[in-house]
Novice: 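Quick one: this structure, given as structure tokens, is what I'll be asking you about.
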Amino acid sequence: MSAPIAIELDRLTKVFGGVTAVKDVTVRHDSGGVVGLIGPNGAGKTTLFNMVSGAIAPTSGTIRLDGRDVTGLRPDRMNHAGVARTFQNLQVFGSLTVEENVLVARERFLRAGALRSMLGRRAAEGEHRAVARELLARVGMGEHARENVAALPYGMQRRVEIARALASEPRLLLLDEPLAGLSRAESRDLTDLMREVADSGVTVLLVEHDVAAVMGVSDRVLVLNVGELLADGPAEVVQRDERVRAAYLGETLEELRAEEGTA
């Protein structure tokens, strides 16, 4: 089990053309587990997520991992620093097999090994293939390693995407709405997988609209509203926060109530 990564967001702010999408968000997390990030539409969740992953640079503020300033690093450099992510819109290589999709994420390790010993490349390829198969077994896709990804149901493709993210050996895994489009049973299985990944020592940062699922799987919940951090704490505390209730409307608020059994 790897040691949980320490994440520090210090007064993180992002302004787009005069509109402040995220304002002065400060968070420190160094205990691993699952951290849920929720908020109404337009709250700034995706913007914050993209800054942490390196997809966009903050206007101001600092991002640190284990005390190292990684603010503004490109996504590939963030990956080298121990960060991996999945995307809201499923991104898999449909023309490749399940195993080949995972091996893509092992390429940088393979290149590094090849530089040390060109003669050892074949052996290294075998080792990385073994890692890929182990990851696929871990996410319940071991029996489908040789199948074409495009032929698989959507829920299975989601698992492939997570296995590929884990193949880069992250200590921080960012999951962007992984439950979107899944059935109730598929969602339940995937949240179980998130818990397993977190228990292995990988910190999981989860952006998800399914509030009940977030409350059920998260050790800590962050709530954004109009770009600012509205609430931060254990799920059972956050879901009783009147400010959080006021920020939500309709069905999502009912989900919060139902989770408490008070609907």
Side-chain angles (χ1 to χ4, degrees), residues 7-29 34-63 71-72 75 78 83 85-91 158 161 172-182 187 190-191 194 203-235 237-260 263:
I7 309 159
E8 295 177 77
L9 309 180
D10 184 13
R11 297 181 63 86
L12 211 59
T13 297
K14 183 63 181 180
V15 178
F16 294 102
V19 176
T20 302
V22 172
K23 181 180 180 181
D24 290 337
V25 171
T26 296
V27 174
R28 178 180 173 88
H29 185 80
V34 179
V35 181
L37 177 61
I38 64 173
N41 289 333
K45 304 184 298 297
T46 298
T47 300
L48 183 64
F49 203 74
N50 284 338
M51 285 190 285
V52 175
S53 70
I56 60 175
T59 302
S60 61
T62 307
I63 303 170
T71 312
M78 290 295 283
V83 180
R85 73 170 292 179
T86 65
F87 294 85
Q88 179 179 349
N89 296 319
L90 186 66
Q91 295 191 11
R158 276 288 184 196
E161 187 181 38
L172 173 61
L173 176 62
L174 310 179
L175 300 178
D176 190 356
E177 297 191 29
L179 305 183
L182 300 186
S187 294
L190 200 55
T191 53
M194 291 180 213
T203 302
V204 177
L205 178 59
L206 168 68
V207 171
E208 180 55 56
H209 280 296
D210 187 337
V211 176
V214 173
M215 294 297 179
V217 75
S218 299
D219 301 289
R220 178 181 184 179
V221 177
L222 309 175
V223 184
L224 284 182
N225 189 39
V226 292
E228 299 186 53
L229 190 61
L230 178 67
D232 174 7
V237 174
V238 168
Q239 67 184 356
R240 290 175 171 80
D241 191 314
E242 290 301 326
R243 297 171 303 164
V244 175
R245 293 178 178 277
Y248 280 93
L249 297 173
E251 182 180 356
T252 303
L253 179 54
E254 292 305 313
E255 287 177 349
L256 287 169
R257 289 172 174 160
E259 187 68 16
E260 293 183 278

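Predicted model, so just to flag it, every value in this text is computed and none were measured.
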Novice: Would you say the side chain of Leu12 lies within less than 4.5 Å of the side chain of Thr26, judging by non-hydrogen atoms?
Specialist: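 Answer no - side chains too far apart.
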Novice: Output, in order, the C-alpha distance, side-chain angles, deciding distance and verdict of side chain to side chain contact (heavy atoms under 4.5 Å, CB included) for Leu206 and Val214.
Specialist: CA-CA 8 Å; Leu206 168 68; Val214 173; 4.2 Å; yes
Novice: State, to 0.1 Å, how close Ser218 and Ala235 come at their nearest heavy-atom pair, and which atoms those are.
Specialist: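 Heavy-atom minimum between the residues: O-CB, 4.1 Å.
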Novice: Kindly list each side-chain donor-acceptor pair under 3.5 angstrom involving residues 36-46, sequence neighbours excluded, with atom names and distances?
Specialist:
{"unit_1": "Lys45", "atom_1": "NZ", "unit_2": "Gly39", "atom_2": "O", "d": "2.9"}
{"unit_1": "Lys45", "atom_1": "NZ", "unit_2": "Pro40", "atom_2": "O", "d": "3.2"}

Novice: One pair to check against side chain to side chain contact (heavy atoms under 4.5 Å, CB included): Met215 and Val238. What are the steps and the verdict?
Specialist: CA-CA 9 Å; Met215 294 297 179; Val238 168; 4.1 Å; yes
Novice: Does Thr47 form a side chain to side chain contact (heavy atoms under 4.5 Å, CB included) with Phe16? I'd like the steps, not just the answer.
Specialist: CA-CA 10 Å; Thr47 300; Phe16 294 102; 3.8 Å; yes
Novice: Show me the donor-acceptor pairs, under 3.5 Å and distance only, between side chains in residues 225-233 and residues at least two apart or in other chains.
Specialist:
{"unit_1": "Asp232", "atom_1": "OD1", "unit_2": "Arg220", "atom_2": "NE", "d": "2.8"}
{"unit_1": "Asp232", "atom_1": "OD1", "unit_2": "Arg220", "atom_2": "NH2", "d": "3.4"}
{"unit_1": "Asp232", "atom_1": "OD2", "unit_2": "Arg220", "atom_2": "NH2", "d": "2.7"}

Novice: Evaluate Val15 against Thr59 for side chain to side chain contact (heavy atoms under 4.5 Å, CB included), listing each step before the verdict.
Specialist: CA-CA 6 Å; Val15 178; Thr59 302; 3.9 Å; yes
Novice: Looking at Leu179 and Ala213, what are the two nearest heavy atoms and their distance?
Specialist: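 Minimum heavy-atom separation between Leu179 and Ala213: CD1-CB, 3.5 Å.
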Novice: For the CD1 atom of Ile63 and the CD1 atom of Ile7, what is their distance to the nearest 0.5 Å?
Specialist: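 Ile63 CD1 to Ile7 CD1: 10.5 Å, rounded to 0.5 Å.
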Novice: With sequence neighbours left out, what residues match Arg243 under salt bridge (Lys or Arg N to Asp or Glu O under 4.0 Å)?
Specialist: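 Partners of Arg243 by the salt bridge (Lys or Arg N to Asp or Glu O under 4.0 Å) criterion, ordered by chain and then number, come out as Asp241.
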Novice: Got a sec, which residues hit side chain to side chain donor-acceptor pair (under 3.5 Å) with Thr71, two or more places apart in sequence or on another chain?
Specialist: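 Partners of Thr71 by the side chain to side chain donor-acceptor pair (under 3.5 Å) criterion, ordered by chain and then number, come out as Asp69.
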Novice: Rounded to the nearest 0.5 Å, what's the gap from CG on Leu172 to CZ on Arg85? Could you check?
Specialist: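 The distance works out to 11.0 Å.
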Novice: Do the side chain of Thr191 and the main chain of Val217 share a donor and acceptor less than 3.5 angstrom apart?
Specialist: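 No, Thr191 side chain to Val217 backbone: no donor-acceptor pair under 3.5 Å.
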Novice: Which pair of non-hydrogen atoms, one from Gln91 and one from Glu161, has the smallest distance, and what is that distance?
Specialist: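 Closest approach of Gln91 to Glu161: N-OE2, 3.3 Å.
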Novice: Is it true that a side-chain atom of Asn50 and a backbone atom of Ala55 form a donor plus acceptor pair closer than 3.5 Å?
Specialist: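 No, Asn50 side chain to Ala55 backbone: no donor-acceptor pair under 3.5 Å.
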Novice: Quick one: side-chain contact (heavy atoms from CB on, under 4.5 Å) partners of Pro75, sequence neighbours excluded?
Specialist: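 side-chain contact (heavy atoms from CB on, under 4.5 Å) list for Pro75, sorted by chain: empty.
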Novice: Are Met78 and Ser53 close enough that some pair of their side-chain heavy atoms sits under 4.5 Å apart?
Specialist: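 They are not in side-chain contact.
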Novice: Return each pair, listed once, that meets salt bridge (charged side-chain N to carboxylate O under 4.0 Å, His left out) where at least one residue sits in residues 13-26; pairs must be two or more places apart or across chains.
Specialist: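 Found Arg11-Asp24.
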Novice: What's the shortest heavy-atom distance between Arg158 and Phe87, and which atoms?
Specialist: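 Looking at all heavy atoms of both residues, the closest pair is NH1-O, 2.9 Å.
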Novice: How close do Phe49 and Thr86 get, heavy atom to heavy atom, and via which atoms?
Specialist: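 Looking at all heavy atoms of both residues, the shortest contact is CE2-O, 4.3 Å.
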Novice: So Leu175 and Met194, do their side chains get closer than 4.5 Å, heavy atoms only?
Specialist: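 Counting from C-beta outward, Met194 and Leu175 do come under 4.5 Å.
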Novice: What are the two closest heavy atoms between Arg28 and Glu8, and how far apart are they?
Specialist: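 Closest approach of Arg28 to Glu8: NH1-CD, 3.0 Å.
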